[in-house]
Amino acid sequence: MVQNYHRDAAGHLHWRTAEKEDGPGLPPSSQAIVSPYDTSARYARHGHIVSWKGFSAHLTETCAPDGPNVITDVATTAATTHDSQVLPGIHTRLRSRGLLPVEHLVDAGYTSLVHLEQAARDHKVTVTGPLPANPTRQHRQGNGFARDDFHIDYDHQQVTCPQGQVSAGWHGPYPTSSPTAAPLIVARFTKSQCRPCPARTQCTTTADSARTVGFPPRELRDLQLRVRTEQQTPEWKTRYAVRSGVEGTVNEFAHGHGMRRCRYRGQGRAHIQHVLTAIAVNIERLSGLPPTEESPAPRRPTAFQNYLDQREIHRPKSWRTLGT
């Protein structure tokens with residue numbers, strides 16, 4: 001394909017490689033054509049195991065314990081679109097249909113501090129999902145002073161380090177390039193404060209610079225601390241366990257209805273396929289309703305849940321077993 005070649009300064013064609021020293025390198029994944037049959041398909045990878053070429057489908061369904069669970073929204077995006085960017089559009093469509101939930105359970109890929117705040121402000125929806133942990137090196141390694149060890153005084157625009165030093169600069173908030181990242185305030189300490197510090201090795205490993213601490217504005221910071229505290233409680237984990245039910249729905253779409261194979265070319269037509277599949281699933285679920293005078297039977301446990309039960313391994317209750 002033409003996209004796999006480039007011309008050098010002399011006008012000669014060369015095969016593109018990942019090495020930028022020999023040319024412009026490979027095109028970004030959002031632009032790279034990966035299929036001669038559908039030029040809008042893109043390559044994506046989750047971790048080191050799951051990869052595909054095509055598009056991404058995002059499913060939203062109800063999870064009531066006393067009735068059928070139906071699909072309320074289907075979003076089809078480019079494979080390179082991050083999950084967290086899809087959430088605002090889902091809420092907008094659900095509001096237009098009068099189907100907004102009070103609480104929306106999502107996995108970690110859909111959570112971002114900005115969208116949690118936006119959903120609560122614009123739609124009165126509580127987004128429940130694991131919020132990413134502190135990304136600093138010290139927190140990841142569990143050794144040294146992480147951002148949460150610094151005291152932030154928004155009123156006086158000062159940050160105090162664990163050794164009692166007060167920051168000499170407060171700048172921002174700066175906008176970020178990512179739509180899912182919160183604006184960032186940066187507090188800076190001076191070299192004269194950090195160089196003689198006896199705990200310097202626990203704070204920063206850079207010899208010629210001082211420590212900087214980045215954090216979101218006060219409203220987002222308060223939300224961040226509250227959510228991270230809540231998600232450590234047993235009550236939050238029990239409530240969030242209900243989200244596991246959607247994994248069975250994804251499996252139903254993929255293996256029961258062949259959604260991982262596009263029957264049409266282009267994202268728009270692929271979305272039609274996804275919507276028609278969701279309609280078929282909803283009809284199938286609603287057609288299995290018992291008479292109104294009888295209580296609906298709970299959905300059967302998955303094979304993995306049966307495996308845990310047979311070996312008496314504790315598992316949180318999910319929506320599949322509520323009411324049994």
Side-chain angles (χ1 to χ4, degrees), residues 29-31 34-35 38-46 50-63 68-130 178-181 242-285 319:
S29 58
S30 60
Q31 300 177 13
V34 296
S35 170
D38 189 345
T39 56
S40 63
R42 295 294 182 263
Y43 171 81
R45 181 180 65 222
H46 281 185
V50 180
S51 63
W52 73 96
K53 299 175 182 178
F55 310 98
S56 293
H58 308 264
L59 306 175
T60 305
E61 71 172 346
T62 61
C63 54
N69 298 285
V70 295
I71 312 300
T72 57
D73 186 78
V74 179
T76 305
T77 65
T80 53
T81 301
H82 194 273
D83 291 346
S84 59
Q85 299 181 30
V86 184
L87 198 59
I90 293 175
H91 289 158
T92 299
R93 290 188 298 273
L94 290 176
R95 182 179 64 180
S96 67
R97 302 170 191 147
L99 297 174
L100 271 176
V102 175
E103 184 177 29
H104 194 171
L105 306 177
V106 299
D107 70 16
Y110 293 85
T111 58
S112 72
L113 194 57
V114 172
H115 289 157
L116 263 65
E117 188 274 337
Q118 180 182 357
R121 182 187 69 245
D122 297 344
H123 303 292
K124 304 299 186 291
V125 173
T126 299
V127 176
T128 299
S178 171
T180 64
V242 177
R243 196 212 66 85
S244 64
V246 79
E247 299 298 342
T249 298
V250 172
N251 184 74
E252 180 181 358
F253 270 72
H255 299 286
H257 302 280
M259 196 172 67
R260 285 182 178 162
R261 183 178 180 86
C262 286
R263 294 170 172 81
Y264 312 98
R265 297 178 184 178
Q267 181 175 325
R269 292 184 178 90
H271 178 63
I272 293 176
Q273 174 188 336
H274 297 163
V275 171
L276 292 176
T277 304
I279 293 174
V281 169
N282 282 345
I283 292 175
E284 181 182 21
R285 292 180 178 182
W319 66 289

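Index from 1, following the sequence.
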Item to complete: Go through the steps to decide whether T92 and H123 satisfy the test side chain to side chain contact (heavy atoms under 4.5 Å, CB included), and finish with yes or no.
Response: CA-CA 8 Å; T92 299; H123 303 292; 4.3 Å; yes
Worksheet item: Would T76 and H274 satisfy side chain to side chain donor-acceptor pair (under 3.5 Å), going step by step from the backbone distance to the final call?
Response: CA-CA 8 Å; T76 305; H274 297 163; 2.8 Å; yes
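Minimum heavy-atom separation, T62 to N69: O-OD1, 2.8 Å. Nearest heavy atom pair, residue L100 against residue R95, reads CD1-CB, 3.5 Å. A79 and Y43 get closest at one heavy-atom pair: CB-C, 4.5 Å. Contact record, A278 with F253: CA-CZ, 3.6 Å, taken as the closest heavy-atom pair. Shortest non-hydrogen contact noted between D83 and G109 is CB-O, 3.4 Å. Across every non-hydrogen atom of V127 and A119, the tightest pair is CG2-CB, 3.6 Å.
A side chain to side chain donor-acceptor pair (under 3.5 Å) check over residues 103-113, counting only residues at least two apart or in different chains, returns the pairs H58-Y110, H91-H104, E103-T128, E103-R239, S112-H115.
Between the side chain of R42 and the backbone N or O of T39, at least one donor-acceptor pair lies under 3.5 Å. Side chain of S56 to main chain of T77: no donor-acceptor pair is present (N/O by atom type, distance under 3.5 Å, no hydrogens or angles). Between the side chain of H82 and the main chain of S84, a donor-acceptor pair closer than 3.5 Å is present. Put simply, the side chain of Q273 gets close to the backbone of R263: a donor and an acceptor are under 3.5 Å apart.
Residues satisfying the salt bridge (charged side-chain N to carboxylate O under 4.0 Å, His left out) criterion with R97, sequence neighbours excluded, are D73.
Residue R261 places its CZ atom among 12 or fewer non-hydrogen atoms of other residues, nucleotides or ligands, all under 6.0 Å distant. Other residues, nucleotides and ligands contribute over 12 non-hydrogen atoms within 6.0 Å of the CZ atom of R93.
In this structure, CZ in R285 is found 5.0 Å from CD in E252, a value given to the nearest 0.5 Å. For the atom pair CG (L59) and CD1 (I71), the distance works out to 5.5 Å, reported to the nearest 0.5 Å. Remark: L99 CG to T72 OG1 distance equals 6.0 Å, nearest 0.5 Å. Here the CZ-OG distance, from R265 to S40, works out to 10.5 Å after rounding to the nearest 0.5 Å. Separating the CD atom in E284 from the CD1 atom in I279 is a distance of 14.0 Å, to the nearest 0.5 Å.
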